[in-house]
Amino acid sequence: LELTGYAAAEFMSGKRNFGDMIHPDDQDWVGKDLDNAVAARESFEQEFRITNKNGEIRWISSRGKASYDSDGNPEFGDGTMFDITEQKKAEFALAEAIQAADAANQAKGDFLANMLE
């Protein structure tokens, strides 16, 4: 509920599909990665975006593994999901700060080179 804005019962009853909440830019690779993990009977770990009930984009860290029936068919997934939006914002801010510092350093070097000419 806190993560998606929807009650767990809506997902359990089939009224909601978590896959439909995955950001359009992430849907293809998330689906392929998950399909590959299920086919290989391996666990999966992903970071992707969803759009919650309020229309907010949230970053998710998802880890889990499929469970299989007696015939070896995937039956359900078991795992965890965490909202890592604040962590991602901090990572993006740090990357921007590093890029700005690099640009400032380059400008300083260019200025000093011009002063020495």
Side-chain angles (χ1 to χ4, degrees):
L1 178 63
E2 188 175 324
L3 181 65
T4 67
Y6 297 103
E10 292 185 68
F11 294 103
M12 300 299 285
S13 70
K15 289 182 182 178
R16 295 274 170 230
N17 179 346
F18 188 80
D20 294 340
M21 299 180 73
I22 298 173
H23 191 280
D25 293 343
D26 297 345
Q27 282 183 349
D28 284 342
W29 75 262
V30 168
K32 287 176 186 174
D33 189 50
L34 186 57
D35 288 346
N36 290 339
V38 170
R41 292 181 169 256
E42 295 176 348
S43 60
F44 61 89
E45 185 173 337
Q46 303 170 317
E47 291 182 0
F48 56 90
R49 297 164 291 176
I50 65 166
T51 304
N52 69 12
K53 185 177 183 176
N54 297 327
E56 299 169 324
I57 295 176
R58 309 298 296 177
W59 277 92
I60 304 301
S61 175
S62 176
R63 295 180 180 138
K65 187 171 183 169
S67 292
Y68 302 86
D69 64 17
S70 59
D71 294 325
N73 299 311
E75 197 169 29
F76 61 88
D78 187 26
T80 59
M81 283 188 244
F82 297 98
D83 185 340
I84 59 168
T85 303
E86 295 307 314
Q87 174 187 329
K88 285 293 188 180
K89 285 180 182 178
E91 287 175 14
F92 296 141
L94 178 59
E96 287 177 7
I98 290 170
Q99 188 176 18
D102 288 345
N105 195 32
Q106 180 65 44
K108 180 178 99 177
D110 293 346
F111 174 77
L112 290 174
N114 288 332
M115 290 295 292
L116 296 174
E117 287 181 2

query = Are L34 and F48 connected in the hydrophobic side-chain network, where two residues link if heavy atoms are under 4.5 Å apart?
reply = no

ask   = Is there side-chain contact between E47 and I60, with at least one heavy-atom pair below 4.5 Å?
value = no

request  = Could you go through the side-chain hydrogen bond (donor to acceptor under 3.5 Å, both in side chains) check for D110 and Q106 one step at a time?
outcome  = CA-CA 6 Å; D110 293 346; Q106 180 65 44; 2.9 Å; yes

ask   = To the nearest 0.5 Å, how far apart are OG1 in T4 and CD in E10?
value = 8.0 Å

Least distance between heavy atoms, A7 atom then L1 atom = N-CD1, 3.9 Å

note = CZ of R58 to CZ of R49, rounded to nearest 0.5 Å, is 13.5 Å

task = Give, for atom CD of Q87 and atom CZ of F92, the distance between the pair rounded to the nearest 0.5 Å.
result = 10.0 Å

ask   = Do E2 and D83 have side chains that get closer than 4.5 Å, going by heavy atoms?
value = no

key: Under 3.5 Å donor-acceptor, D71 side chain and N73 backbone   = no

query = Say you draw a straight line from CE of M81 to OG of S62; how long is it, rounded to the nearest 0.5 Å?
reply = 5.0 Å

request  = Kindly determine whether F11 and N17 satisfy side chain to side chain contact (heavy atoms under 4.5 Å, CB included), including the steps that lead there.
outcome  = CA-CA 6 Å; F11 294 103; N17 179 346; over 6 Å; no

request  = With R63 as the cation and F44 as the aromatic partner, state whether NZ or CZ is under 6.0 Å from the six-membered ring centre and within 45° of the axis.
outcome  = no

ask   = K65 and D78: side chain to side chain contact (heavy atoms under 4.5 Å, CB included), yes or no, with the steps?
value = CA-CA 6 Å; K65 187 171 183 169; D78 187 26; over 6 Å; no

E56, CD: over 12 other non-hydrogen atoms inside 6.0 angstrom = yes

Closest approach of D25 to W29 (non-hydrogen atoms, all atoms of both residues) = O-CD1, 4.0 Å

request  = Without swapping roles, check the side chain of E42 against the backbone of A37 for a donor-acceptor pair under 3.5 Å.
outcome  = no

ask   = In Å and rounded to the nearest 0.5 Å, what is the CZ to OG distance from F82 to S61?
value = 7.5 Å

task = Please confirm whether the backbone N or O of K32 pairs with a side-chain atom of N36, one donor and one acceptor, at under 3.5 Å?
result = yes

request  = First locate atom CD of E45, then atom OG1 of T80, and finally report the distance between them rounded to the nearest 0.5 Å.
outcome  = 9.0 Å

query = With side chains defined as the heavy atoms from C-beta onward, is the minimum distance between N52 and L3 less than 4.5 Å?
reply = no

inquiry  = Taking D33's backbone N and O only, do any of them form a donor-acceptor pair with Q46's side chain (distance below 3.5 Å, no angle check)?
reply    = no

inquiry  = Within the 4.5 Å heavy-atom criterion, are M21 and Y6 side-chain neighbours or not?
reply    = yes

query = How about H23 and I57: do any of their side-chain heavy atoms sit closer than 4.5 Å?
reply = yes

inquiry  = Minimum heavy-atom separation for W59 and T85, please, with both atom names.
reply    = N-OG1, 2.8 Å

